[in-house]
Amino acid sequence: MNRTKGDEEEYWNSSKFKAFAFDDEDEELSQLKESKRAVNSLRDFVDEDDEDDELDRVSWSGEPIGSISWSIKETAGHSGSTHEGREQLKSRNSFSYAQLPKPSSTYSLSSFFRGRTRPGSFQSLSDALSDPPAKSYAPELGRPKGEYRDYSNDWSPSDTVRRLRRGKVCSLERFRSLQDKLQLLEEAESMHDGNVITAVLIFLKRTLSKEILFRELEVRQVALRHLIHFLKEIGDQKLLIDLFRFLDRTEELALSHYREHLNIQDPEKRKEFLKTCISLPFSAEDSAHVQDHYTLLERQIIIEANDRHLESAGQTEIFRKHPRKASILNMPLVTTLFYSCFYHYAEAEGTFSSPINLKKTFKIPDKQYVLTALAARAKLRAWHDVDALFTTKNWLGYTKKRAPIGFHRVVEILHKNNAPVQILQEYVNLVEDVDTKLNLATKFKCHDVVIDTCRDLKDRQQLLAYRSKVDKGSAEEEKIDAILSSSQIRWKN
């Protein structure tokens with residue numbers, strides 16, 4: 001039957017099927033997605049509520065809801081409501097469906113209901129229902145079925161642990177019975193992966209009562225150690241104390257209780273808390289430590305109150321020249337000793353702030369005491385106190401210098417505090433090892449010590465080498481020349 005061109009256009013425009021146009025692709029995708037959402041939501045509803053019902057749901061047209069024919073009609077019906085939009089698209093595109101060869105469709109009904117929209121575009125079903133229209137919305141059919149089992153709650157404990165070990169995200173909430181939870185923990189222990197064990201323990205800690213959790217962990221020592229370490233890391237002292245009390249670990253219980261003093265900021269309250277810790281069942285060594293801690297804080301409170309008063313009064317020279325930079329409260333024992341050597345060095349032994357009193361009360365070793373006192377007095381450039389620190393008398397009244405830390409350490413500390421060369425040379429000469437003495441003297445430019453040592457060793461070559469290091473025309477160069485020209489010295493080489 002022959003038609004004019006106008007009749008052809010009227011025929012195609014009046015048809016309920018529209019012409020194919022490349023510009024319509026995005027609109028078609030949107031329509032397909034809406035239809036798919038309706039189908040999938042109905043399917044989920046039917047699967048969950050009417051699984052055993054053999055009657056099919058039908059639409060007003062008599063078609064079963066969710067069937068292919070029903071979906072096509074729904075899509076076509078929706079397309080009719082956008083006729084005006086298609087007219088605008090048609091005005092932009094002069095090609096008609098009759099003028100172009102029919103392309104092979106990139107969509108199929110089977111792929112539509114399975115969630116595939118276009119080749120090479122894959123996505124999970126949950127993402128397809130929630131993504132914005134700009135994204136693709138189909139699951140990847142090529143993935144293994146195991147990738148989608150997270151949504152069907154069918155992971156076994158061993159599978160779950162393996163996924164956790166690989167860093168996969170999976171929910172542990174499906175394990176509700178105690179038997180399943182314990183099996184999950186045993187699988188985690190068998191993997192020997194601390195992160196997995198800790199992850200399972202966090203889940204058990206949240207979902208089990210502490211009595212049941214403690215009882216089950218008592219016979220699982222690996223998991224128990226991981227839980228103890230985890231509780232220490234997060235600072236859950238209350239649960240940790242309850243755990244040690246349940247396990248009857250008295251010493252660990254006492255240490256955990258003692259550790260709570262770190263959370264007490266007020267010095268007086270901390271002191272009272274430490275006093276209660278003295279009676280806890282510590283080991284002998286730890287008990288002495290807690291007693292010393294209480295005694296030290298008690299003294300620090302007294303010293304701090306007294307020194308704050310002296311500093312505010314402004315009548316004490318040491319506080320005027322060297323104002324305090326920080327409070328002494330809660331400081332370690334060595335810091336407290338340094339503070340006492342700095343501000344209270346000459347005080348009588350009977351006072352709490354006396355360095356000697358601290359040394360005897362806390363049984364500070366001689367090496368630690370001398371090292372701390374030397375650093376404090378050298379910082380004040382109190383060289384007389386430094387000299388007195390190393391001077392001793394024997395029973396005949398003769399004096400001798402002795403350093404329990406070694407004079408090489410003394411020289412290094414004095415140089416760090418900018419001691420004069422004369423004082424450095426005095427202590428460098430007291431170093432017994434010759435090579436150490438020469439190295440220190442060369443490093444700190446104690447020229448007289450180097451020259452005298454080379455002369456005593458009768459080492460002409462080393463003396464000549466050192467001559468090039470001193471200043472031209474200096475007294476040191478003249479001294480070296482006089483020694484080299486002396487006929488009384490028999491050089492080794």
Practice task
Could you list the residues that satisfy side-chain contact (heavy atoms from CB on, under 4.5 Å) with R381, not counting sequence neighbours?
Solution key: W383, N418, P420
Handout entry: Steps toward side-chain contact (heavy atoms from CB on, under 4.5 Å) verdict (L185, L217)
Key = CA-CA 10 Å; L185 180 59; L217 291 183; 3.9 Å; yes
Problem - For R162, all residues meeting salt bridge (charged side-chain N to carboxylate O under 4.0 Å, His left out), sequence neighbours excluded - result: D159
Practice task
Using atom types as modelled and distance alone, determine if a side-chain donor or acceptor of T276 lies under 3.5 Å from a backbone N or O of F273.
Solution key: yes
Problem - Main-chain N/O of A284 paired with S287 side-chain donor or acceptor, under 3.5 Å - result: no
Practice task
For T361 and N357, indicate whether the former's side chain and the latter's backbone hold a donor-acceptor pair under 3.5 Å.
Solution key: yes
Exercise for the section: Please identify each residue that fulfils side-chain contact (heavy atoms from CB on, under 4.5 Å) with D242, with sequence neighbours left out. Expected result: K210, F214, K238, R245
Exercise for the section: Return yes if some donor-acceptor pair links the side-chain N/O of E304 with the main-chain N/O of Q300 below 3.5 Å, else return no. Expected result: no
Exercise for the section: Can you see which heavy atom on Q237 is nearest to which on S256, and at what distance? Expected result: OE1-O, 3.2 Å
Fill in the blank from the handout: side chain to side chain donor-acceptor pair (under 3.5 Å) pairs touching residues 219-228, sequence neighbours excluded, are E186-R220, E216-R220
Problem - Residue pair H192, V222: steps toward the side-chain contact (heavy atoms from CB on, under 4.5 Å) verdict - result: CA-CA 9 Å; H192 304 289; V222 174; over 6 Å; no
Problem - Whether S468 side chain and A465 backbone form a donor-acceptor pair below 3.5 Å - result: yes
Practice task
Of all the heavy-atom pairs spanning G473 and E477, show the shortest one and how long it is.
Solution key: N-OE1, 2.6 Å
Exercise for the section: Look only at the side chain of S485 and the backbone of A482, and say whether a donor-acceptor pair between them is shorter than 3.5 Å. Expected result: yes
Handout entry: Atom pair CD/CG of E189 and L184 - distance to nearest 0.5 Å
Key = 10.5 Å
Fill in the blank from the handout: So salt bridge (charged side-chain N to carboxylate O under 4.0 Å, His left out) across residues 436-450, not counting sequence neighbours, yields D448-K479
Exercise for the section: Please check if any side-chain donor atom of S283 sits under 3.5 Å from a side-chain acceptor atom of D286, or the reverse. Expected result: yes
Handout entry: Side chains of L380 and R377 in contact at under 4.5 Å (non-hydrogen atoms)
Key = yes
Completion exercise
Here the salt bridge (charged side-chain N to carboxylate O under 4.0 Å, His left out) pairs for residues 333-348, sequence neighbours left out, are none
Exercise for the section: For the pair S354 (side chain) and G350 (backbone), establish whether a donor and an acceptor sit closer than 3.5 Å, ignoring hydrogens and angles. Expected result: no
Problem - F246 and R215, any side-chain heavy atoms less than 4.5 Å apart - result: yes
Handout entry: Side-chain donor-acceptor pair present, S177, D180, cut-off under 3.5 Å
Key = yes
Problem - Contact list for residues 410-426, test salt bridge (charged side-chain N to carboxylate O under 4.0 Å, His left out), sequence neighbours left out - result: K401-E426
Exercise for the section: Return the orientation label for the Y427 and F390 ring planes: parallel under 30°, perpendicular over 60°, tilted otherwise. Expected result: perpendicular
Handout entry: Any side-chain donor near an acceptor of the partner, D471 and S474, under 3.5 Å
Key = no
Problem - Point-to-point distance, once rounded to the nearest 0.5 Å, from CG of L414 to CD1 of I423 - result: 7.5 Å
Handout entry: S353 (side chain) donor-acceptor with I303 (main chain) under 3.5 angstrom
Key = no
Handout entry: Point-to-point distance, once rounded to the nearest 0.5 Å, from OG1 of T198 to CZ of F203
Key = 15.0 Å
Handout entry: Backbone of N195 reached by a side-chain donor or acceptor of D193 within 3.5 Å
Key = yes
Practice task
Take E298 and L274, measure what side-chain contact (heavy atoms from CB on, under 4.5 Å) needs, and give me the verdict at the end.
Solution key: CA-CA 10 Å; E298 186 180 35; L274 290 174; over 6 Å; no
Problem - By salt bridge (charged side-chain N to carboxylate O under 4.0 Å, His left out) - contacts of R299 (at least two apart) - result: none
Practice task
Determine whether V370 and V410 make a side-chain contact, defined as any pair of heavy atoms from C-beta on separated by less than 4.5 Å.
Solution key: no
Practice task
Determine whether H322 and I318 make a side-chain contact, defined as any pair of heavy atoms from C-beta on separated by less than 4.5 Å.
Solution key: yes
Problem - L430 vs V411 side-chain heavy atoms within contact, under 4.5 Å - result: no
Problem - Check ion pair R206-E173 (N to O, under 4.0 angstrom) - result: yes
Exercise for the section: List in chain and number order the residues that pass salt bridge (charged side-chain N to carboxylate O under 4.0 Å, His left out) with K321, two or more places apart in sequence or in another chain; answer none if no residue qualifies. Expected result: E317
Completion exercise
Looking only at heavy atoms, the pair that brings P355 and Y345 closest together is CG-CA, 4.0 Å
Practice task
Please name all residues satisfying salt bridge (charged side-chain N to carboxylate O under 4.0 Å, His left out) with R455, sequence neighbours left out, ordered by chain then number.
Solution key: D452
Practice task
Decide if the gap between the ring center of F352 and the ring center of H344 is smaller than 6.0 angstrom.
Solution key: no
Practice task
Over all heavy atoms of both residues, which pair between K205 and L213 is shortest? Give the atoms and the distance, please.
Solution key: CA-CD2, 3.9 Å
Practice task
Report the residues that fulfil side-chain hydrogen bond (donor to acceptor under 3.5 Å, both in side chains) with E252, sequence neighbours left out, ordered by chain and then residue number.
Solution key: R249
Exercise for the section: Could you tell me whether the side chain of I483 reaches within less than 4.5 Å of the side chain of S486, counting heavy atoms only? Expected result: no
Handout entry: L424 to C446 - nearest heavy-atom pair and separation
Key = CB-SG, 4.1 Å
Practice task
Let me know which of K325, R320, R324 forms a salt bridge (charged side-chain N to carboxylate O under 4.0 Å, His left out) with E311.
Solution key: R324
Exercise for the section: Given side-chain contact (heavy atoms from CB on, under 4.5 Å), test D366 with K359 step by step and report yes or no. Expected result: CA-CA 9 Å; D366 287 342; K359 179 178 182 295; 3.0 Å; yes
Handout entry: Side-chain touch L463/L457, heavy atoms, less than 4.5 angstrom
Key = no
Only pairs under 3.5 Å count here: list side-chain donor-acceptor contacts from residues 258-272, not counting sequence neighbours, and write none if there are none.
| from | atom 1 | to | atom 2 | distance (Å) |
| --- | --- | --- | --- | --- |
| Y258 | OH | H289 | NE2 | 3.3 |
| Y258 | OH | H293 | ND1 | 2.7 |
| H261 | ND1 | Y258 | O | 2.7 |
| D266 | OD2 | E268 | N | 3.2 |
| D266 | OD2 | K269 | N | 3.0 |
| R270 | NE | H261 | O | 3.2 |
| R270 | NE | I264 | O | 3.0 |
| R270 | NH1 | N330 | OD1 | 3.2 |
| R270 | NH2 | H261 | O | 3.2 |
| R270 | NH2 | I264 | O | 2.8 |

Practice task
Using a 4.5 Å cut-off on heavy atoms from C-beta on, say whether the side chain of L224 contacts that of E218.
Solution key: no
Exercise for the section: Examine distances only and state if a side-chain atom of T372 and a backbone atom of L337 form a donor-acceptor pair shorter than 3.5 Å. Expected result: no
